[in-house]
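Remarks on the structure that follows.
In what follows, chains carry the letters A, B, and so on, assigned in the order in which the sequence lines appear, proteins first and then strands, with residues in each chain numbered from 1.
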There are 2 protein chains.
Amino acid sequence: MEKFSFVDRPSNQRIQLMNGISKNDSTNVELFLNFQWTYRNMQKVYDSILNENDLSESRFIILMFLKNASNHELLPSVISEKLGATRATVSKLLKAMETKGWIIKSSSTTDKRSIPVQLTTKGSKILEKFLPKNFNTVNQLFSSLTNEEIKQFTYLLSKIQKNTQKFASEMEK
Amino acid sequence: MEKFSFVDRPSNQRIQLMNGISKNDSTNVELFLNFQWTYRNMQKVYDSILNENDLSESRFIILMFLKNASNHELLPSVISEKLGATRATVSKLLKAMETKGWIIKSSSTTDKRSIPVQLTTKGSKILEKFLPKNFNTVNQLFSSLTNEEIKQFTYLLSKIQKNTQKFASEMEK
DNA sequence: TTTTTATGATTAGCCAGCTAACTACTTTTG
DNA sequence: CAAAAGTAGTTAGCTGGCTAATCATAAAAA
């Protein structure tokens, strides 16, 4: 067992998860690992493109939110809702982005607790520069699939997603 | 644009990424988001099962490595290699696991820098308790797919993976 | 009107990932 | 043999995620 050595965690896990599982039972395990591995490698590539542009996924999304918002301005609480992250996380993210000059925080005239966040010209430029690269990267990542295969993949993902949500719902009971 | 509000980040991103992209060009973007969303939701479910057992993915893998190792013992450097993570990360992970009594660290007789790590009975019990749940969870997650669909999905993942690696290789130049 | 409850934003601490730096030890080179 | 280079493990600091707590403010209830 120790004669195997890998540098990619999902592949590492393959050996582990299959341990003690008979050959007949390993189909789903293998699929799980393949899914995980393929996704993570793809995400790694995407993240490195983000990183080249001084962005992370959350930063990118927040910039987009602000770009599309009225007056390029949103409250942190709204951002946290839309992002699906906690206010604590958003607070830290915004702090760093403010330091970089991508956003400015101001005072609300209607609510003293609120601190509206506005996109700066600098922040806008970072975003504009990244968008075509984003588009190109995503297209490149799926460039090997035919239209028919894309349709199939979409269908299968949808099926897995529905089942996952069902499973998650049952787990909450 | 602001009339949409989501609690799941990949879905959030959908709106953003599609902004400025014509309808004809959004297929790959949609696919990217679907892939991401489906995978992340599945991973979230899996992680919650790990969490119920006081485990994280890395902890689980490390326990498996040790379980399968000669004398249930490995060096941190070996673990970091097999896990595909840095020694710094492994050092912190092992520290916490030692605190929980899952592993013990000893002194190497052959190299004073080395600190062999051994699985304890407690650690072994944690693992044994989790393994059937691991198996059941993975099976449940793909229970909606037919054998034919599993084959299709595997093929498509493989295709994406190969292309991703090609893309990653080109990026390194 | 006053008190209680809810809300906005921030911070501390935890986790797991990383990089960089460090100390102690081992191996290689000159 | 001594010096240089390499290696094992750890720590500090950063990031982005979380929970819990906190303070100030606003809204609801009494």
Side-chain angles (χ1 to χ4, degrees), chain A residues 7-10 12-13 40-41 43-44 46-48 50-51 53-63 73-100 102-117, chain B residues 7-10 12-13 36 40-41 43-44 46-48 50-51 53-63 73-100 103-117:
Chain A
V7 293
D8 193 332
R9 282 168 59 203
N12 291 339
Q13 204 175 15
R40 286 182 182 180
N41 280 334
Q43 189 70 51
K44 200 184 297 179
Y46 184 68
D47 286 343
S48 70
L50 283 164
N51 190 52
N53 292 272
D54 208 15
L55 289 166
S56 66
E57 189 178 294
S58 297
R59 287 176 178 181
F60 167 49
I61 299 179
I62 290 173
L63 290 179
E73 187 171 89
L74 288 170
L75 296 182
S77 50
V78 172
I79 291 173
S80 74
E81 258 184 48
K82 291 162 72 71
L83 191 60
T86 62
R87 285 173 304 167
T89 297
V90 168
S91 183
K92 282 204 282 194
L93 286 164
L94 292 178
K95 188 170 183 176
M97 288 165 81
E98 187 189 23
T99 300
K100 287 176 175 293
W102 297 352
I103 61 167
I104 51 172
K105 295 188 187 181
S106 50
S107 308
S108 170
T109 48
T110 52
D111 185 340
K112 292 200 178 155
R113 299 169 302 180
S114 293
I115 308 184
V117 171
Chain B
V7 293
D8 194 333
R9 282 169 60 201
N12 291 341
Q13 205 176 13
Q36 193 177 57
R40 286 181 182 179
N41 280 334
Q43 188 70 48
K44 202 184 299 180
Y46 183 69
D47 286 343
S48 69
L50 282 166
N51 189 52
N53 291 273
D54 207 17
L55 290 166
S56 66
E57 188 176 295
S58 296
R59 288 176 178 181
F60 168 51
I61 299 179
I62 290 172
L63 289 179
E73 187 169 271
L74 288 170
L75 297 182
S77 49
V78 173
I79 291 173
S80 72
E81 256 184 52
K82 290 163 71 73
L83 192 61
T86 63
R87 287 173 304 166
T89 297
V90 168
S91 182
K92 285 203 283 193
L93 285 164
L94 292 178
K95 190 170 181 176
M97 289 165 80
E98 186 189 23
T99 299
K100 286 177 174 295
I103 61 168
I104 52 173
K105 296 186 186 180
S106 51
S107 308
S108 170
T109 47
T110 53
D111 185 339
K112 293 203 181 160
R113 299 169 303 181
S114 292
I115 308 184
V117 171

### Task
Can you tell me the distance, in whole Å, between the CZ atom of A:Phe60 and the P atom of D:dG16?
15 Å
### Task
Looking at every strand, decide which applies to A:Thr86 at a 4.0 Å heavy-atom threshold: base, sugar-phosphate, or nothing.
base
### Check: B:Asp111 side chain, B:Arg113 main-chain N or O, donor-acceptor pair, under 3.5 Å
yes
### Query
Of the nucleotides D:dG9, D:dG17, C:dT26, which has the atom closest to the A:Ser58 side chain?
D:dG17
### Message
Regarding D:dG17, can its base be found pairing with the side chain of A:Lys92 as donor and acceptor, where the two atoms are less than 3.5 Å apart?
### Response
yes
### Query
Nearest-Å distance, CG (B:Leu83) to P (C:dA16)?
11 Å
### Message
Within the structure provided, determine whether A:Glu98 and A:Leu94 are in side-chain contact (heavy-atom separation under 4.5 Å).
### Response
no
#### Entry: Atom pair distance, as rounded to whole Å: CD in A:Gln43 and P in D:dG16
14 Å
### Summary
Separation of D:dC14 atom P from A:Asn51 atom CG, nearest Å, is 17 Å
### Message
Under 4.0 Å, heavy atoms only, any strand: does B:Ser56 hit a base, just the sugar-phosphate, or nothing?
### Response
sugar-phosphate
#### Entry: Other residues, nucleotides, ligands: >12 heavy atoms within 6.0 Å of A:Lys105 NZ
yes
### Query
Does B:Lys95 NZ have over 12 foreign heavy atoms under 6.0 Å away?
no
### Message
How many whole angstroms separate atom NZ of A:Lys112 from atom C1' of D:dC23?
### Response
15 Å
### Query
Base, sugar-phosphate, or nothing for A:Ser114, non-hydrogen atoms under 4.0 angstrom?
sugar-phosphate
### Message
What I want to check is whether an N or O donor and acceptor connect the side chain of B:Arg113 with the base of D:dT7 at under 3.5 Å.
### Response
yes
### Task
Report the residue (B:Thr110 or A:Val90) whose heavy-atom-nearest nucleotide on DNA chain C is the more 5′ of the two.
A:Val90
## Note on the structure
Here the distance between atom C1' of D:dA8 and atom CD1 of B:Ile79, to the nearest Å, is 13 Å
### Query
Counting side-chain heavy atoms from CB outward, which of D:dA8, C:dA20, D:dA20 is closest to B:Ala88?
C:dA20
### Under 3.5 Å donor-acceptor pair, A:Arg87 side-chain atoms to C:dG8 base atoms
yes
### Summary
Whole-Å distance, B:Leu55 CG to C:dA16 P, equals 10 Å
## Note on the structure
By nearest-heavy-atom nucleotide on DNA chain D, the more 5' of A:Arg59 and B:Leu94 is B:Leu94
### Task
May I ask you to say what A:Thr89 touches in the nucleic acid, namely base, sugar-phosphate or nothing, with a heavy-atom cut-off under 4.0 Å?
base
### Query
Where the side chain of A:Arg59 meets the backbone of A:Leu50, is there a donor-acceptor pair that is under 3.5 Å apart?
no
### Summary
Out of D:dG9, D:dA26, C:dT10, minimum distance to the side chain of B:Ile115 belongs to D:dG9
### Message
I want to check one thing: is the phosphate of D:dT10, taken as OP1 and OP2, less than 4.0 Å away from some side-chain N or O of B:Lys105?
### Response
yes
### Task
Compare all side-chain heavy atoms of B:Leu83 with those of B:Leu93 and state whether any distance is below 4.5 angstrom.
yes
#### Entry: Whole-Å gap separating P (D:dC18) and CG (A:Leu93)
10 Å
